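First up is the structure itself, then whatever we jot down about it.
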Amino acid sequence: MTDQKPIKEAAGWAACQRALSAAVDAAERLPDGQRALGEALCGALDTVAGGAPRFDAFGNMREDARWWADCATPMELEIYTAAALRRIERATFAHRARKRLFWALWQAMSDKDRTAFLAHAQQEEPPP
């Protein structure tokens, strides 16, 4: 991965900071303004993307993936993860790698979601 500059060093950062500060101030004066501003910011984040994960043949792929995931928007995370999981279904894939993926998904679940998942997984299949 290429080195990334801290956002405060990016061109136009001061203007962006002033505009965001003004939007927050305006939202505080409007009824339901904070909720509206939150929705607008979430919508804007969906349009600002980290781009596709990069692959550096001589780099550290796992570290690059962690860095990209930290920068990716929630929509990017969902889209790339779903596409990768669909691709894995059609690919010859190492058994241990599937376990690592499942473990990562399992760890991301809340206790409530894990319990619901286990209850669903343990249901008997209806006869054909």
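Remember, it's a predicted structure, so these values are computed and weren't measured experimentally.
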**Prompt:** Could you give the distance from OH (Tyr80) to OG1 (Thr73), rounded to the nearest 0.5 Å?
**Reply:** 9.0 Å

**Request:** Could you label the plane-to-plane angle of the Trp106 and Phe117 rings as parallel, tilted or perpendicular, counting under 30° as parallel and over 60° as perpendicular?
**Result:** perpendicular

**Request:** Would you indicate whether Arg66, at its atom CZ, is surrounded by more than 12 heavy atoms from other residues, nucleotides or ligands within a distance under 6.0 Å?
**Result:** yes

**Message:** Nearest 0.5 Å, please: how far is CZ in Arg35 from CG in Leu30?
**Reply:** 11.5 Å

**Request:** Identify the two heavy atoms, one from Met109 and one from Arg114, that lie closest to each other, and give their separation to 0.1 Å.
**Result:** O-NE, 3.4 Å

**Worked verdict on Glu63 versus Trp67 for side-chain hydrogen bond (donor to acceptor under 3.5 Å, both in side chains)** = CA-CA 6 Å; Glu63 188 58 37; Trp67 179 87; over 6 Å; no

**Prompt:** Which is it for Leu77 and Trp68 under the side-chain contact (heavy atoms from CB on, under 4.5 Å) test, yes or no, and what are the steps along the way?
**Reply:** CA-CA 9 Å; Leu77 291 171; Trp68 177 84; 3.9 Å; yes

**Message:** Same cluster or not: Leu118 versus Leu105, using hydrophobic residues (I, L, V, M, F, W, Y) connected whenever any side-chain heavy atoms lie under 4.5 Å apart?
**Reply:** no

**Prompt:** For Leu37 and Ala23, which heavy atoms make the closest approach, and how far apart are they?
**Reply:** CD2-O, 3.8 Å

